[in-house]
*Asks:* 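First, the structure itself, so that you have it in front of you.
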Amino acid sequence: MKDLRQFRILFLDKRNTLIADEVQQQGTIDHTPVYPREVVKRALELSATALILVHNHPSGDPTPSRADIDMTKLIAEAAKPLGIALHDHVIIGKDGHVSLKGLRLF
């Protein structure tokens with residue numbers, strides 16, 4: 001299982017208290033399909049007002065790919081008009097992690 005990519009979403013309420021921690025998708029070593037519509041739909045079902053996206057890079061290198069950055073921007077853009085904030089997208093690697101918010105990539 002460590003060779004598979006897993007995409008999780010932390011759903012938060014207006015006080016940034018964790019409502020749910022869910023696996024949204026599991027994929028291959030280098031790809032996991034994530035659909036902004038499904039992310040936002042689930043946030044609305046849970047009455048979440050904020051999200052934190054988290055996924056791993058089985059390669060061990062947490063550097064975000066172009067696809068990671070683009071998908072993050074799409075989710076943020078889809079969620080914002082509905083009052084759902086995207087606080088961060090964290091990528092976990094063997095030797096550390098990267099925050100896309102910290103890198104100002106969205």
Side-chain angles (χ1 to χ4, degrees):
M1 207 53 131
K2 69 177 184 171
D3 292 338
L4 294 180
R5 190 175 286 221
Q6 188 179 80
F7 188 90
R8 303 182 77 89
I9 304 172
L10 306 178
F11 297 93
L12 309 172
D13 68 13
K14 64 182 178 179
R15 292 186 174 147
N16 288 326
T17 302
L18 183 65
I19 296 170
D21 170 1
E22 298 182 353
V23 174
Q24 180 73 13
Q25 293 287 337
Q26 290 194 25
T28 64
I29 193 164
D30 62 355
H31 179 71
T32 302
V34 177
Y35 305 100
R37 177 176 52 108
E38 296 300 318
V39 173
V40 172
K41 176 183 170 191
R42 185 64 179 140
L44 291 170
E45 289 170 353
L46 293 170
S47 298
T49 57
L51 308 168
I52 299 173
L53 310 177
V54 183
H55 81 274
N56 67 311
H57 277 183
S59 68
D61 179 4
T63 303
S65 68
R66 180 84 250 162
D68 292 334
I69 296 165
D70 292 345
M71 180 262 306
T72 303
K73 288 178 180 178
L74 285 173
I75 291 173
E77 290 169 7
K80 187 175 182 177
L82 299 170
I84 302 167
L86 179 57
H87 285 335
D88 206 347
H89 183 171
V90 179
I91 301 173
I92 309 294
K94 182 174 54 176
D95 299 322
H97 68 280
V98 169
S99 160
L100 273 72
K101 185 78 159 192
L103 295 175
R104 298 181 183 193
L105 293 175
F106 75 97

*Asks:* Suppose the criterion is salt bridge (charged side-chain N to carboxylate O under 4.0 Å, His left out): which pairs have a residue in residues 64-76, not counting sequence neighbours?
*Replies:*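 Residue pairs passing salt bridge (charged side-chain N to carboxylate O under 4.0 Å, His left out), neighbours aside: R5-D68, R66-D70.
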
*Asks:* Do I69 and F106 have side-chain heavy atoms sitting under 4.5 Å apart?
*Replies:*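 Result no, sub-4.5 Å side-chain heavy-atom pair not found.
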
*Asks:* Could you work out, with salt bridge (Lys or Arg N to Asp or Glu O under 4.0 Å) as the rule, every residue matching D61, not counting sequence neighbours?
*Replies:*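 Checked D61 against salt bridge (Lys or Arg N to Asp or Glu O under 4.0 Å); zero matches.
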
*Asks:* I92: which other cluster members, linking ILVMFWY side chains closer than 4.5 Å, directly or transitively?
*Replies:*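 Hydrophobic cluster check, I92: joined to L10, L12, L18, I52, V54, V90.
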
*Asks:* Would you mind listing every side-chain hydrogen bond (donor to acceptor under 3.5 Å, both in side chains) that reaches into residues 76-90, with sequence neighbours excluded?
*Replies:*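 Every side-chain hydrogen bond (donor to acceptor under 3.5 Å, both in side chains) pair that includes a residue of residues 76-90, provided the two are not neighbours, is N16-H87, H55-H89, T72-H89, D88-S99.
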
*Asks:* Any side-chain hydrogen bond (donor to acceptor under 3.5 Å, both in side chains) pairs touching residues 37-47, not counting sequence neighbours?
*Replies:*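 Those involving residues 37-47 are E22-R42, R42-E45.
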
*Asks:* Please examine the side chains of L51 and V40, heavy atoms only from C-beta on, and report whether any two atoms are closer than 4.5 Å.
*Replies:*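 Answer no - side chains too far apart.
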
*Asks:* Taking only residues two or more places apart in sequence, or in another chain, which ones meet R104 in a salt bridge (Lys or Arg N to Asp or Glu O under 4.0 Å)?
*Replies:*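 In terms of salt bridge (Lys or Arg N to Asp or Glu O under 4.0 Å), with neighbours along the sequence ignored, R104 is linked to no residue.
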
*Asks:* Can L46 be reached from V23 by stepping across I, L, V, M, F, W or Y side chains whose heavy atoms are under 4.5 Å apart?
*Replies:*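 In one cluster with V23: L46, no.
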
*Asks:* Is a side-chain N or O of T49 found less than 3.5 angstrom from the main chain of D13, in a donor-acceptor match?
*Replies:*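 Here the side-chain-to-backbone pair exists.
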
*Asks:* Quick check: do T63 and V98 have side-chain heavy atoms less than 4.5 Å from each other?
*Replies:*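 No, every pair of side-chain atoms sits at 4.5 Å or beyond.
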
*Asks:* How close do A48 and I84 get, counting heavy atoms only, and between which atoms?
*Replies:*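 For A48 and I84, the tightest heavy-atom pair comes out as O-CG1, 3.7 Å.
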
*Asks:* Mind listing the closest non-hydrogen atom pair of G93 and P62 along with its distance?
*Replies:*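 Smallest interatomic distance, heavy atoms only, reads N-CB, 3.8 Å.
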
*Asks:* In terms of hydrophobic clustering (I, L, V, M, F, W, Y; side-chain heavy atoms under 4.5 Å; direct or indirect links), are L103 and I75 co-clustered?
*Replies:*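 In one cluster with L103: I75, yes.
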
